[in-house]
**Student:** 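A single structure is presented below for examination.
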Amino acid sequence: MIQLGFDFFARETELVARELLGKIMEYNSPWVKFSGIVVEDEAYLGVNDPGSHSFRGKTKRNAVMFGPAGISYVYLIYGMYYCYNVTTHREDIPAAVLIRALQPLEGIEVMKKNRKKENLKDLCSGPGKLAQAMGIGMTLNGTSAVDGPVKFFDPDLLGEVKIREATRIGLTQGAESLLRFYVKDNVFVSRK
DNA sequence: GATTGGATCGCCT
DNA sequence: GGCGATCCAATCG
């Protein structure tokens, strides 16, 4: 299985978001190895995208988006949940892809414990859920998604990944753009 | 120093 | 489909 390198992430954000579907996200926590198939994500573009954290310029929170591609960007949302992103594009273009849902593969028993849920569909079907399931927090922010605790792999699913596009979830600005992507007919997607 | 609102989830109907 | 929980960060003064 081929690992995705810097070159994969250092491309146009929308393309990276589309191609990440069907790839495997792996998180080697200190105690457990987690993995799952990326089945839903969203593209957040640079300073011209009103829905992106980077729209209003560089701040302490979004600083990672302004760095190189292939870096994990984690932030706290609504005071209760973490969201995991990976940075994309060029160093001078602050963009990232939000991982919204995974089809769980490894570490499932610990995911169930962390989520207090037994149904596989309740473990990683949403950005806050998958972070909670794998114990992702701010310690991952700024770490490499190429040679750090998080890695992505290409399982070579060939033509099995049919992509659908839709509007991004939860935005008040830039809500109309079709920048959310998910695997058609996959039951682990958070919203159709 | 105070205010405001958010890339969510779970429980309710 | 609607709403409350909950708190940090950004913005403004």
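The figures here come from the full heavy-atom set of this structure, side chains too, leaving out hydrogens, waters and symmetry mates. Since the structure is predicted, the reported quantities are computational estimates derived from the model, not experimental observations. Here is how names work: the chains are called A, B, and so on, in the same order as the sequence lines, proteins then strands, and each is numbered from 1.
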**Student:** In this structure, which stretches of DNA chain C are paired as stems of three or more consecutive Watson-Crick or G-U pairs, both distances less than 3.5 Å?
**Tutor:** B:1-6 with C:7-12, B:8-12 with C:1-5
**Student:** Does anything in residues 111-146 of chain A reach DNA chain C, meaning a heavy atom under 4.0 Å, and if so which residues?
**Tutor:** none
**Student:** Whole angstrom is fine here: how far is it from CD1 in Ile77(A) over to P in dT4(B)?
**Tutor:** 19 Å
**Student:** Should we count CZ of Arg18(A) as having more than 12 external heavy atoms under 6.0 Å?
**Tutor:** yes
**Student:** Using the test salt bridge (charged side-chain N to carboxylate O under 4.0 Å, His left out), find all partners of Arg56(A) that sit at least two apart in sequence or belong to another chain.
**Tutor:** none
**Student:** For nucleotides 9-13 of chain C, list the nitrogen or oxygen atoms of the protein found under 3.5 Å from its nitrogen or oxygen atoms, one pair per line.
**Tutor:**
from	atom 1	to	atom 2	distance (Å)
dA10(C)	OP1	Thr59(A)	OG1	2.5
dA10(C)	OP1	Arg61(A)	N	3.0

**Student:** Under 4.5 Å between any side-chain heavy atoms of Asn85(A) and Ile99(A), yes or no?
**Tutor:** no
**Student:** Give me, pair by pair, the N or O atoms of the protein and of nucleotides 1-7 of chain C that are less than 3.5 Å apart, along with how far apart they are.
**Tutor:**
from	atom 1	to	atom 2	distance (Å)
dT6(C)	O2	Tyr78(A)	O	3.0

**Student:** When you compare the side chains of Glu26(A) and Ser35(A), does any donor N or O come within less than 3.5 Å of an acceptor on the partner?
**Tutor:** no
**Student:** Do Tyr44(A) and Ser54(A) have side chains that get closer than 4.5 Å, going by heavy atoms?
**Tutor:** no
**Student:** Roughly, in whole Å, what's the span from CD in Gln173(A) to C1' in dA7(B)?
**Tutor:** 12 Å
**Student:** My understanding is that only one of Lys192(A), Arg180(A), Arg191(A) makes a side chain to side chain donor-acceptor pair (under 3.5 Å) with Glu40(A); could you say which?
**Tutor:** Arg180(A)
**Student:** Under a 4.0 Å threshold between the charged nitrogen and the carboxylate oxygen, would Lys116(A) count as salt-bridged to Asp122(A)?
**Tutor:** no
**Student:** Send over the distance from Glu42(A) CD to dG6(B) C1', rounded to a whole Å.
**Tutor:** 14 Å
**Student:** Looking at Thr172(A), I'd like to know whether one of its side-chain N or O atoms comes within less than 4.0 Å of OP1 or OP2 on dG6(B).
**Tutor:** yes
**Student:** Distance check needed: dT8(B) C1' versus Leu171(A) CG, whole Å only.
**Tutor:** 12 Å
**Student:** Please report the distance, rounded to the nearest Å, between CD1 in Ile169(A) and P in dA7(B).
**Tutor:** 12 Å
**Student:** May I ask you to decide if the ring planes of His53(A) and Tyr75(A) are parallel, tilted or perpendicular, using 30° and 60° as cut-offs?
**Tutor:** perpendicular
**Student:** Does NZ or CZ of Arg11(A) fall inside the cone over Phe9(A)'s six-membered ring, less than 6.0 Å from its centre and within 45° of the axis?
**Tutor:** no
**Student:** Suppose we screen for salt bridge (charged side-chain N to carboxylate O under 4.0 Å, His left out). Which residues come up paired with Glu91(A), at least two apart in sequence or across chains?
**Tutor:** none
**Student:** Counting C-beta onward and ignoring hydrogens, is there a side-chain heavy-atom pair between Leu20(A) and Leu4(A) closer than 4.5 Å?
**Tutor:** yes
**Student:** In whole Å, what separates the P atom of dT6(C) from that of dA2(B)?
**Tutor:** 22 Å
**Student:** Around Leu157(A), counting heavy atoms of other residues, nucleotides and ligands shown, do more than 12 lie under 6.0 Å from its CG?
**Tutor:** yes
**Student:** Is any side-chain N of the basic residue among Glu42(A) and Arg100(A) closer than 4.0 Å to the acidic one's carboxylate O?
**Tutor:** yes
